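Report on one structure; see the data block that follows.
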Amino acid sequence: MKAIVITSPGGPEVLQLQEVDEPELKDDEVLIKVEASGLNQADTVQRSGAYPPPKGASHYLGVECSGTIQALGKSVSRWKIGDQVCALLSGGGYAEKVTVLAGQVLPIPPGVSVKDAASLPEVACTVWSTVFMMSQLSAGETFLVHGGSSGIGTFAIQIAKYHGARVFVTAGSDEKLAVCKDLGADVCINYKTEDFLKRVKEETGGKGVDVILDHIGASYLKQNIESLNFDGRLFIIGTMSGSVTEVDLRALLSKRLTVQSAGLRNRSRENKAVIVSEVEKNVWPAIVAGRVKPVIYKYFPLSDAAEAHQLMENSDHIGKILLVPQFSG
């Protein structure tokens, strides 16, 4: 089969399409013929050499895909050959075929094409596990997501609105904010021209928001803490601005704040299976109802993975970027 290989750690140009061996199927896995794979920030960081795959995972890029099941491991019972599915991967999605644990596979939601379904597993599992399972966002609360026009952001806006939250977003252009507004965001803040802390305080009568989902990290920590309401919850899923900073613990104590952080890729197989099951139960109905939709910016042939990575790192996109092994425009 063909797969994208990192020829050496570096920029997008190190990605090359090569002929490689097919993955070996284990008893508790399914083999998927890939229809599409989603790009994620984890892929660009792994490409640079800073985010190695978990032990035992494929060393090829790609943490989500969609496609058709071609083979079943001996102990797999739910799925059958020919099923069209999407899946949360530990790696290997930038290829024509990939194996994945059966517990990390999801059915394609009705109304979503097989190709577009590749945009769902990583964002759905990330947002549901952090914002809802761990931060317990509930109806009537306020929620701020940074990078509202990203794949994570566009999904988070929709599912938070579906569950009755008031949604705040930051983004870096009026065009991106317009898309966020169309998706349901209530308060849209251009972080290049506005102080998001000041705007959050204005819009909440000085109280602050209840939950924040942040991938910026160090440079936003102080403002994020100040932007939270009493009993507020901050969840950090990335460190784009750096990972080291200082915090005045009195700010946490005085407002009874919770600060959490987690990645998705390095969680245990058992934990991932629980998250995937919860996503199917709680998120898929919103997609079926048409209240949450994939937001796709562009499709690239698998062979153009380097160009796709360049686009992602330029942050010019809105929503998800997908790679398609059998590209047809």
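Computed from a predicted model, the values in this text were never measured in an experiment. Numbers for residues simply follow the sequence, beginning at 1.
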I'd like to know if the side chain of [X] reaches the main chain of [Y], judged simply by a donor and an acceptor atom lying under 3.5 Å from each other, with no hydrogens or angles considered.
{"X": "S135", "Y": "T130", "answer": "yes"}
{"X": "K255", "Y": "I225", "answer": "yes"}
{"X": "K97", "Y": "V34", "answer": "no"}
{"X": "T154", "Y": "S149", "answer": "no"}
{"X": "R199", "Y": "D195", "answer": "no"}
{"X": "R166", "Y": "D186", "answer": "no"}
{"X": "S241", "Y": "I216", "answer": "yes"}
{"X": "D43", "Y": "L61", "answer": "no"}
{"X": "E29", "Y": "A102", "answer": "no"}

Side chains of [X] and [Y] in contact at under 4.5 Å (non-hydrogen atoms):
{"X": "V259", "Y": "V247", "answer": "no"}
{"X": "R78", "Y": "P107", "answer": "yes"}
{"X": "K298", "Y": "K320", "answer": "no"}
{"X": "N282", "Y": "W128", "answer": "yes"}
{"X": "I296", "Y": "S119", "answer": "yes"}
{"X": "S58", "Y": "V98", "answer": "no"}
{"X": "Y191", "Y": "Y220", "answer": "yes"}
{"X": "I157", "Y": "F143", "answer": "no"}

Salt-bridged, R256 to D231, with N to O below 4.0 Å? yes

Regarding R47 and E313, does a basic nitrogen lie under 4.0 Å from an acidic carboxylate oxygen? yes

Of N40, L120, L106, L39, which meets side chain to side chain contact (heavy atoms under 4.5 Å, CB included) against E64? N40

Against K272, only a single residue in C125, S129, S90 fulfils side chain to side chain contact (heavy atoms under 4.5 Å, CB included); can you say which? S90

List the steps, then state whether side chain to side chain donor-acceptor pair (under 3.5 Å) holds for D28 with S75. CA-CA 5 Å; D28 51 1; S75 62; 5.6 Å; no

Heavy atoms from other residues, nucleotides or ligands near CD of E175 exceed 12 (cutoff 6.0 Å): no

Distance-minimising heavy-atom pair for [X] and [Y]:
{"X": "V145", "Y": "G153", "value": "CG2-CA, 4.1 Å"}
{"X": "M133", "Y": "V274", "value": "CE-CG1, 4.2 Å"}
{"X": "P285", "Y": "E280", "value": "CD-O, 3.5 Å"}

Grouping I, L, V, M, F, W and Y whenever their side-chain heavy atoms are under 4.5 Å apart, do [X] and [Y] come out in a common cluster?
{"X": "L72", "Y": "V85", "answer": "yes"}
{"X": "V100", "Y": "L31", "answer": "no"}
{"X": "L234", "Y": "V169", "answer": "no"}
{"X": "V179", "Y": "V167", "answer": "yes"}

Let's go through E19 and K2 carefully: what are the C-alpha distance in whole Å and the side-chain angles of both, what is the deciding distance for salt bridge (charged side-chain N to carboxylate O under 4.0 Å, His left out) to 0.1 Å, and is it a yes or a no? CA-CA 5 Å; E19 197 74 28; K2 290 183 171 63; 3.5 Å; yes

Go through the steps for E194 and K198 under the test salt bridge (charged side-chain N to carboxylate O under 4.0 Å, His left out), then give the verdict. CA-CA 8 Å; E194 288 186 86; K198 182 180 178 184; over 6 Å; no

Find out whether the Lys NZ or Arg CZ of K115 is both under 6.0 angstrom from the six-membered ring centre of Y299 and within 45° of the ring's axis. yes

Taking the ring of F168 and the ring of F196, is the distance between their centroids below 6.0 Å? no

If the plane angle is over 60° it's perpendicular, under 30° parallel, otherwise tilted; pick one for H317 and Y297. perpendicular

